[in-house]
Colleague: 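First the structure, then my questions, so here it is.
For the single chain, residues carry numbers from 1 onward in sequence order.
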Amino acid sequence: MDDATSRNAVSPDPRRWWALGALVASMLTLGFDLTILNVALPTMAARLGASTGELQWIVDSYIVVFAALMLPAGLLGDRFGRRRMLVAGLCVFLAGSLAGALTDAPELVVAARSAMGLGAALVIPLGLSVLPSMFGEEERGRAVAAVTASMAAGMPLGPLVGGLLLDHYWWGSIFLINIPMAAVGIAACLFLLPESRDPSSPRVDALSTALSALGLGALVFGIIEGPARGWTSAWVLGSFALSALLLAGLVLRERRAARPMLDLALLGRRVFLFNVLAATLGTFVFAGLLFLLPTYLQEIGGSDAFGTGLRLLPMMGGLLVAARASTPLVARSGPRPVVSAGLTVLCFAALLGSRTEPGDGYGFTAVWLTVAGLGFGLAMVPAMDAALGGIPADAAGSGSALLMTLRQVGGAVGIALLGSLVADAYAGRLDTDGLPAPAAGAARESLSGAHAVAGRLDLPALARSADAAYLDGMSLALVVCGVAALVTAALTAAFLPDPRPAPPAGPAPGAPDTAVPDRPAPGADPSPVLARRKADGGQ
C-alpha cells in the first residue's frame with residue numbers, strides 16, 4: 001500500500017480538495033486542447049493541403065501515443081512519485097504545443113501531436129490514480145465527476161477560443177494557447193498536490209510497451225489507410241495481421257509475467273470489465289463525433305470557426321448537466337440502470353442524427369447533439385467511478401492506466417473507423433463525371449477540396465453532390481454508433497453488477513446481529529470488503 005493510501009486509511013487528507021483543484025486544472029488543459037484542434041481541422045485542410053487521411057493522423061497520432069504509453073506512465077508515477085510525473089507530463093505537453101505552433105506541414109504536425117500525446121499519457125492516468133488514495137467511497141463519486149467535468153468544461157471553451165484565434169490569427173495559434181494553460185497546471189500541481197507513490201509497483205517493461213505501441217499503431221494505420229489503399233490491399237491486410245500478432249504477444253507476455261504491467265486479472269472482475277466497456281464505447285462515439293462534426297458545421301452548415309464552437313455547445317451542455325446529475329441518480333438507483341439508460345439515450349441520439357439531410361437547419365442538429373451529451377454524461381461518469389472503485393488500492397496507478405488505455409483505444413478506433421467510413425462513402429458517392437483527373441482527385445480527397453474545385457470551376461452541382469456524399473457517410477457512421485451503443489446497453493443491463501447493499505434481513509428474535517456490512521464505514525479498513533469481493537469472483 002502506498003504512503004498516501006495508508007494515511008487516508010486513518011483520516012482523510014485535509015488537502016484533498018485543494019489537490020483535486022490541481023487535478024482539475026491539469027485536466028482542463030487537456031480538454032481545452034481536444035476540441036480546439038477538432039474545430040480547426042477544416043482550416044488546416046485548406047491551409048496545409050491535408051487530406052482526410054492526414055487529418056485523421058493528426059488527431060490519432062496524439063491518441064495512439066497517449067493510449068500506448070499510459071500503462072508505463074501509471075507505473076512510473078507509482079514508483080517515482082505521481083506529482084513529479086504529472087509535472088513532467090505537463091512540461092512535455094507544453095513543449096509539444098510550442099513545436100506544433102512552429103510547423104508548416106501535416107507530417108510535422110503529426111510529430112508535434114505525438115509529443116503532446118506523450119505528455120497527456122503522464123497526466124491523465126496519474127490524475128485519476130490519486131483519487132482512490134485521497135477520497136473515500138462516499139466522496140470518490142464527486143471527485144471523479146469533478147475531474148471528468150473539468151475535461152468537459154474545457155471542451156466548449158476550446159472551440160470558442162479556437163474560433164476567435166482562427167478568425168484573427170494563423171492556425172498555429174491554437175497550439176500556442178496551450179502554453180499558459182499548461183503553465184497554470186504545472187504551478188497548481190507543484191503547490192497544491194501532495195506527493196504519493198507506491199515503490200512496490202511493477203517495473204516498466206520496455207518490450208511490453210513496444211508491443212502495445214506498435215500493435216495499436218498498426219491497427220490504426222490499417223483502419224485509416226483502408227479507404228485510400230483498398231481494404232484488401234497488402235498494406236492494409238498486413239497491418240491488421242501485424243497488429244493482431246503484436247497485441248497477442250503483449251497479452252501472452254503479460255499473462256506469464258510474475259508482476260505484469262498490464263493487469264489482465266482486473267478484466268476478470270465484472271464490475272471493472274463492463275464499466276470499462278461502457279466508458280470505452282462512449283469515448284468511441286464521442287471522439288468520432290468531434291472529428292466529423294466540425295467539417296459538417298463549417299463546410300455544409302456555412303459556419304466559421306467561432307460559430308462552430310458555439311454550435312457544439314449543446315452537446316457540451318448536455319454532458320455537463322448529466323455529469324452533475326449522475327451522482328445522485330447512482331446513489332438512488334445504483335450504477336447499472338444509470339449507465340444502461342445513458343447508453344440507450346446515446347443510441348437514440350445517434351439514430352436521430354443519422355436522419356440529417358442537406359437542407360436541415362441547425363435546430364435539428366442542436367436537438368440531437370443535446371440528447372447525445374446527456375447520454376454521454378449519464379453513461380461515462382458513473383461507469384468511470386464504478387470502474388475505479390473496482391481497482392484495489394495497491395494497484396491504483398496501473399489499474400487506472402489500464403482503464404484510460406482502453407478508453408483511449410476506443411477513441412483512436414472511433415476516429416479511425418468512423419472517419420474511414422465517412423471517407424469511403426464520400427469518395428464512392430461523389431459524382432465527378434466530366435471533371436479533369438486532377439480536379440476529380442482533389443474533390444475526392446476531402447469535402448473542403450470538393451468545395452474549392454466547385455468554386456474555382458463554377459460547378460454548384462459538384463458542391464451539392466459533395467455535401468450529399470459527406471452526409472451519407474456521416475449517417476452511416478452514426479448508425480454504427482447507435483447500434484454499438486444499444487448492444488453495449490444490453491450487455492451492461494444484463495451483466496453489470498449492482499453494488500448497492502441489499503436491504504438487511506432482520507435477525508431472528510433473540511439472535512445477535514452478525515450481518516457483515518457491504519461497505520466499510522468511513523475511515524475503516526476496506527480489506528474485509530475487498531476479501532469478500534474477491535471471494536465472490538470480483539463482483
Side-chain angles (χ1 to χ4, degrees), residues 20-21 23-25 27-28 30-32 34-36 38-39 128 131 139-161 275 278-279 281-290 293-294 297 307-353 362-388 407 411 478 481-482 485-486 488-489 492:
L20 182 64
L23 298 179
V24 166
M27 299 299 180
L28 183 66
L30 301 182
F32 190 89
L34 177 63
T35 51
I36 202 174
N38 284 81
V39 80
L128 285 170
L131 296 183
E139 295 178 334
R140 191 180 60 238
R142 283 184 289 165
V144 171
V147 171
T148 305
S150 67
M151 290 194 71
M155 292 177 185
L157 292 176
L160 294 175
V161 176
N275 279 302
L281 184 278
T283 307
F284 171 92
V285 178
F286 194 63
L289 284 182
L290 284 176
L293 282 171
L297 293 172
T308 298
L310 289 176
R311 284 162 176 78
L312 288 174
L313 285 178
M315 183 166 65
M316 307 306 176
L319 194 156
L320 290 172
V321 169
R324 184 175 182 84
S326 63
T327 299
L329 285 175
V330 169
R332 180 180 305 172
S333 61
R336 180 168 60 194
V338 178
V339 172
S340 300
L343 291 170
T344 304
V345 170
L346 184 56
C347 168
F348 173 74
L351 295 180
L352 186 64
Y362 171 69
F364 177 71
T365 302
V367 169
W368 71 263
L369 286 182
T370 303
V371 177
L374 291 170
F376 288 129
L378 287 175
M380 293 182 67
V381 170
M384 290 284 290
D385 178 39
L388 284 171
R407 274 194 60 198
L478 286 170
C481 291
L486 187 60
T488 309
T492 55

Colleague: What are the two closest heavy atoms between Met380 and Ala279, and how far apart are they?
Modeller: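 It is CE-O, 4.0 Å.
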Colleague: Measure the shortest side-chain to side-chain distance between Ser333 and Val338 over non-hydrogen atoms and say whether it is less than 4.5 angstrom.
Modeller: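 Side chain of Ser333 against side chain of Val338, heavy atoms only: contact under 4.5 Å found.
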Colleague: Is any side-chain heavy atom of Leu369 closer than 4.5 Å to a side-chain heavy atom of Leu293?
Modeller: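 Leu369 reaches Leu293 side chain to side chain.
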Colleague: Between Cys347 and Gly482, what is the shortest heavy-atom contact and its length?
Modeller: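 In terms of heavy atoms, the two residues are closest at SG-O, 3.2 Å.
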Colleague: Minimum heavy-atom separation for Val339 and Ala379, please, with both atom names.
Modeller: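 In terms of heavy atoms, the two residues are closest at CG2-O, 3.8 Å.
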Colleague: Supply the atom-to-atom distance Leu313 CG to Leu319 CG, rounded to the nearest 0.5 angstrom.
Modeller: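 Separation between the atoms: 12.5 Å.
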Colleague: Any side-chain heavy atom of Phe286 sitting closer than 4.5 Å to one from Cys481?
Modeller: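 When only atoms from C-beta onward are counted, Cys481 and Phe286 do not touch, as no gap falls below 4.5 Å.
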Colleague: Please answer whether the main-chain N or O of Leu320 pairs with a side-chain N or O of Arg324 as donor and acceptor at a distance below 3.5 Å.
Modeller: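 Between the backbone of Leu320 and the side chain of Arg324 there is no qualifying donor-acceptor contact (under 3.5 Å).
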Colleague: Can any side-chain N or O of Ser326 pair as donor or acceptor with the backbone N or O of Ala323 at less than 3.5 Å?
Modeller: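 It does hold such a pair.
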Colleague: Within a 6.0 Å radius of atom CZ on Phe348, are there more than 12 heavy atoms belonging to other residues, nucleotides or ligands?
Modeller: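 No, because the 6.0 Å sphere around CZ of Phe348 holds 12 heavy atoms or fewer from other groups.
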Colleague: At their closest point, which heavy atom of Thr492 faces which heavy atom of Ala278, and how far apart are they?
Modeller: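 In this case the closest contact between Thr492 and Ala278 is CG2-CB, 4.2 Å.
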Colleague: Between Val381 and Phe376, does a side-chain contact (heavy atoms from CB on, under 4.5 Å) hold up when you go through it step by step?
Modeller: CA-CA 8 Å; Val381 170; Phe376 288 129; over 6 Å; no
Colleague: Are Leu312 and Leu297 close enough that some pair of their side-chain heavy atoms sits under 4.5 Å apart?
Modeller: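 They are in side-chain contact.
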Colleague: Could you check whether any side-chain heavy atom of Leu343 comes within less than 4.5 Å of a side-chain heavy atom of Leu486, counting everything from C-beta outward?
Modeller: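 Result no, sub-4.5 Å side-chain heavy-atom pair not found.
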Colleague: What is the distance from atom CZ of Arg407 to atom CG of Leu281, rounded to the nearest 0.5 Å?
Modeller: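 These two atoms lie 11.5 Å from each other.
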Colleague: Taking all atoms of both residues into account, what is the closest heavy-atom pair of Leu374 and Gly318, and its distance?
Modeller: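 Looking at all heavy atoms of both residues, the shortest contact is CD2-O, 3.5 Å.
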Colleague: Show, in sequence, the C-alpha distance, side-chain angles and deciding distance for Thr488 and Leu346, and conclude whether the side-chain contact (heavy atoms from CB on, under 4.5 Å) test is met.
Modeller: CA-CA 11 Å; Thr488 309; Leu346 184 56; over 6 Å; no
Colleague: So Val345 and Val371, do their side chains get closer than 4.5 Å, heavy atoms only?
Modeller: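 Side chain of Val371 against side chain of Val345, heavy atoms only: contact under 4.5 Å found.
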Colleague: As a test of understanding, state which of Val285, Leu351, Leu289 forms a side chain to side chain contact (heavy atoms under 4.5 Å, CB included) with Leu478.
Modeller: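 Exactly one candidate clears the test, Leu289.
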